[in-house]
Protein chains: 2
Amino acid sequence: MMKFFEEHAPFITNYWPFIISSTFICLGLFFVVMFVKNRGRYIRVFDKENDVGSNIEEEVGETNDQVFMSIMKNEDVQIPYALPRLQPVAMIQKAQSFYELMNTRRSCRMFSDEPVPREVIDNIIKAAGTAPSGAHTEPWTYVVISQKDVKMKIREIIEEEEEINYRRRMGEKWVNDLKTFKTDWIKPYLVEAPYLILVFKQTYGLWPNGQKKTHYYNDLSVAISVGIMVSAITNAGLCSVTSTPLNAGVRLRDLLGRPVNEKCVILLPVGYPAKNAKVPNLQRKPLKDIAIYC
Amino acid sequence: MMKFFEEHAPFITNYWPFIISSTFICLGLFFVVMFVKNRGRYIRVFDKENDVGSNIEEEVGETNDQVFMSIMKNEDVQIPYALPRLQPVAMIQKAQSFYELMNTRRSCRMFSDEPVPREVIDNIIKAAGTAPSGAHTEPWTYVVISQKDVKMKIREIIEEEEEINYRRRMGEKWVNDLKTFKTDWIKPYLVEAPYLILVFKQTYGLWPNGQKKTHYYNDLSVAISVGIMVSAITNAGLCSVTSTPLNAGVRLRDLLGRPVNEKCVILLPVGYPAKNAKVPNLQRKPLKDIAIYC
Ligand SMILES: Cc1cc2nc3c(=O)[nH]c(=O)nc-3n(C[C@H](O)[C@H](O)[C@H](O)COP(=O)(O)O)c2cc1C
Ligand SMILES: Cc1cc2nc3c(=O)[nH]c(=O)nc-3n(C[C@H](O)[C@H](O)[C@H](O)COP(=O)(O)O)c2cc1C
Ligand SMILES: N[C@@H](Cc1ccc(O)c(I)c1)C(=O)O
Ligand SMILES: N[C@@H](Cc1ccc(O)c(I)c1)C(=O)O
């Protein structure tokens, strides 16, 4: 047998340690690359921060082979879901305080230039990133601007487009419907506010191989995420205005170097209201005019 | 002069006290009716609860005539806007806790039938009603279902339509993209959850005279409002799923007797997760994959 190999494949008998070790090295490299590419998509069995994930093995109670399979397709595992229990009185109290907090929110168009901690902005975006999304596609990109020169360029683009909007594109009726808000195309807040957050929706995604990935209900998903962001901004004691700079989307996307599958949906300046900030004295509809009970 | 009246209009000289007093009574009644109809749309100068509104006269510093004019068009008055000030450390802390709270949210499709206090649902909807909206049009109607028989009818409609969705309308690719969620057209949660909230967007409004009122960006506005509602549900320690029952909108609208300008956008069951509730082990994108800083 040995002789047969020596005769017909002298290469193998001479170099077998080299062949075997390089095979193992290649296999190892393959697994490392796979792991890095899918990082965060594995069950983190040893992640002590993540209580739900850390007990997966016991919870699901699968054999070792099955656990290996689910490591490969972690998202397909079903994990138990529970929430800390509130007593009715506490729950009513919490729900009412939250309403009262949200009810302090107003669209603010006059900002102080006082700085806001970056960690606060980070957490506001992280909150927005917890939003539900069609088929869990997370079709959003938040671009945060704090550099003065970038803010100035954004202001320039928006004021240019908004002037045309007010003069021609919106028409008399729309401009008239905005009278209450005393808005026009001059937008100093775009430079005054310490941060501008531009929300882009990804109309589709891209798989690693370049194929298009369908983003189901991407407009709904992104707007729900903006709603959570607005709640987070209000919770932090900051203010903003959910503005829609008509016709400026492509120029803003190009300025910020965003790809063509992304569309600017909403721009929010974020910061403290200016000392002399004013808002129109709007009233909100009472519950009975927005809710119907069956 | 008196004689002239006595001769030509004896009615007036005999009954003038009656005429004058009834004129005043009619005028008084007219103002009372106007006031009741527009309640909440006036500046509440004497409303001690509303600190911002209560100082209008001093703040704006207008003459009495101008104040009267603004009472007639209250929304056009600009009032000062300020927010309670948080210190940086407290703000960072608050923003982080809010993120952590929101990050406990998962789309839940298995509910306990345990009741939830009505006041909690009221406050959740009131929170949603504080959302910003294009030109302050508040283009939303929330229909809350708690009656078992109505829930059963809704389940019937949705299961019928969803079966066709899964079998034919969504197509193989979409159904495949949902595999992770283990969903199908059987939806017991539509009866189990103590409440269903159906969110309708008003594609346009109606003025009292029947004319159409444009609801600018109504889809964006309603979805942002749903985002605040999702935050409020999570804050109350409850759970839901922002479901989009494809093709069932018109049948649901007809069942609930909503007008043709309203379109069902999203249906949320609301309640406690079932004891044995499970959710797919999804991971959310980390901050660095959703935020870009300039
Ligand atoms: C616009 C939108 C539509 C959705 N439609 C449905 C639906 O019809 N049925 C359903 O079960 N879940 C639906 N979902 C929930 C998503 O499947 C869910 O948010 C996603 O899987 C992420 O999971 P998570 O919410 O637990 O983070 C929808 C979510 C959004 C934002
Ligand atoms: C979808 C949407 C688009 C909006 N677009 C603008 C805008 O372009 N510019 C602006 O100043 N405000 C904009 N707003 C803010 C509204 O004018 C504001 O929400 C409304 O007047 C109600 O006031 P409040 O937010 O203070 O309750 C927008 C709001 C929404 C929801
Ligand atoms: N509406 C169907 C299918 C469905 C499910 C989840 C999801 O994220 C999406 I987009 C669609 C259903 O409710 O089953
Ligand atoms: N985008 C313009 C006009 C505007 C303003 C407010 C508003 O609610 C809506 I809808 C539009 C601007 O920002 O001035």
Side-chain angles (χ1 to χ4, degrees), chain A residues 40 74-81 83 86 88 91-92 95-96 98-99 102-103 106-107 117 119-120 123 125-127 129-130 132 135-136 138 142-145 147 150 177 180 220 223-224 226-228 231-232 235-237 242 273 277-283 285 287 290-294, chain B residues 40 74-81 83 86 88 91-92 95-96 98-99 102-103 106-107 117 119-120 123 125-127 129-130 132 135-136 138 142-145 147 150 177 180 220 223-224 226-228 231-232 235-237 242 273 277-283 285 287 290-294:
Chain A
N74 153 36
E75 307 203 331
D76 288 350
V77 180
Q78 301 283 114
I79 55 175
Y81 186 60
L83 287 170
L86 295 178
M91 190 187 278
I92 294 172
Q96 190 182 327
F98 189 78
Y99 156 65
M102 289 303 125
N103 202 32
R106 292 299 312 272
S107 288
E119 293 94 316
V120 173
N123 277 301
I125 294 179
K126 283 166 78 175
T130 69
H136 192 49
E138 301 170 283
Y142 302 99
V143 182
V144 181
I145 320 283
Q147 286 177 44
V150 185
D177 285 349
T180 306
L220 260 176
I224 291 173
V226 170
I228 298 175
S231 309
N235 168 74
T242 50
K278 289 202 160 38
V279 295
N281 187 31
L282 303 171
Q283 306 293 321
K285 288 183 190 165
L287 185 60
I290 61 172
I292 283 159
Y293 294 82
C294 306
Chain B
N74 153 35
E75 307 204 329
D76 289 350
V77 180
Q78 302 282 115
I79 56 174
Y81 185 61
L83 286 170
L86 295 178
M91 191 188 278
I92 294 172
Q96 190 183 327
F98 189 78
Y99 156 64
M102 289 304 125
N103 202 31
R106 292 300 311 273
S107 288
E119 294 96 315
V120 172
N123 277 302
I125 293 178
K126 283 166 80 174
T130 70
H136 193 49
E138 302 171 280
Y142 302 98
V143 182
V144 181
I145 319 283
Q147 286 177 43
V150 185
D177 285 349
T180 306
L220 260 176
I224 291 172
V226 170
I228 298 176
S231 309
N235 168 74
T242 51
K278 289 202 160 37
V279 296
N281 186 32
L282 302 171
Q283 305 292 321
K285 287 183 189 166
L287 184 61
I290 62 173
I292 284 159
Y293 295 83
C294 307

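Quick note: numbers below take in every heavy atom, side chains included, and nothing from hydrogens, waters or symmetry partners. Proteins get letters first, then strands, A, B, ... in listed order; numbering begins at 1 in each.
Thr130(B) pairs by the side chain to side chain donor-acceptor pair (under 3.5 Å) definition with nothing, not counting sequence neighbours.
In terms of heavy-atom proximity, Gly227(A) sits nearest to Ile228(B) at O-CG1, 3.5 Å. The nearest pair of heavy atoms linking Ile125(A) to Tyr293(B) is CD1-OH, 4.3 Å. A pairwise comparison of heavy atoms in Ser231(B) and Phe98(A) identifies CB-CZ, 3.8 Å as the closest pair.
Using a distance-only test at 3.5 Å, with no hydrogens or angles considered, a donor-acceptor pair links the side chain of Lys285(A) to the main chain of Glu138(B). Within the 3.5 Å criterion, the main-chain N or O of Thr180(B) finds no donor-acceptor partner in the side chain of His136(A). Counting only distance, with no hydrogens or angles, the side chain of Tyr81(A) and the backbone of Pro273(B) share no donor-acceptor pair below 3.5 Å.
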- Please report the C-alpha distance between Val144(B) and Cys294(A) in whole Å, then the side-chain angles of each, then the deciding distance to 0.1 Å, and finally whether the side chain to side chain contact (heavy atoms under 4.5 Å, CB included) criterion is met. CA-CA 6 Å; Val144(B) 181; Cys294(A) 306; over 6 Å; no
- Are Ile224(B) and Ile224(A) close enough, and set up right, to give a side chain to side chain contact (heavy atoms under 4.5 Å, CB included), and what steps lead you there? CA-CA 5 Å; Ile224(B) 291 172; Ile224(A) 291 173; over 6 Å; no
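Among Val150(B), Val226(B), Leu220(B), the residue with the largest count of heavy-atom pairs under 4.5 Å with chain A is Leu220(B). Heavy-atom pairs under 4.5 Å with chain A were tallied for Met91(B), Glu119(B), Gln147(B); the largest tally goes to Met91(B). Contacts with chain B were tallied for Ile290(A), Asp177(A), Leu83(A), Val143(A); Ile290(A) has the most, counting heavy-atom pairs under 4.5 Å. The most heavy-atom pairs under 4.5 Å with chain B, out of Pro132(A), Ala291(A), Ala232(A), come from Pro132(A). Chosen from Ser107(B), Ala127(B), Ala223(B), Gly237(B), the residue pairing most often with chain A at heavy-atom distances under 4.5 Å is Ala223(B). Contact tally against chain B (heavy-atom pairs below 4.5 Å) for Leu287(A), Asn235(A), Ile145(A), Leu86(A): the top residue is Asn235(A).
In this structure, chain A has a heavy atom under 4.5 Å from the side chain of Thr242(B), while its backbone stays farther away. For chain A, the nearby parts of Pro280(B) are the backbone and the side chain; heavy atoms of each come within less than 4.5 Å.
Val120(A) is not listed as a side-chain neighbour of Gln96(B), based on a closest heavy-atom distance of 4.5 Å or more. Between Glu75(A) and Leu282(B) there is a side-chain heavy-atom pair separated by less than 4.5 Å. Counting only heavy atoms from C-beta outward, the side chains of Asn103(B) and Lys126(A) never approach each other to under 4.5 Å.
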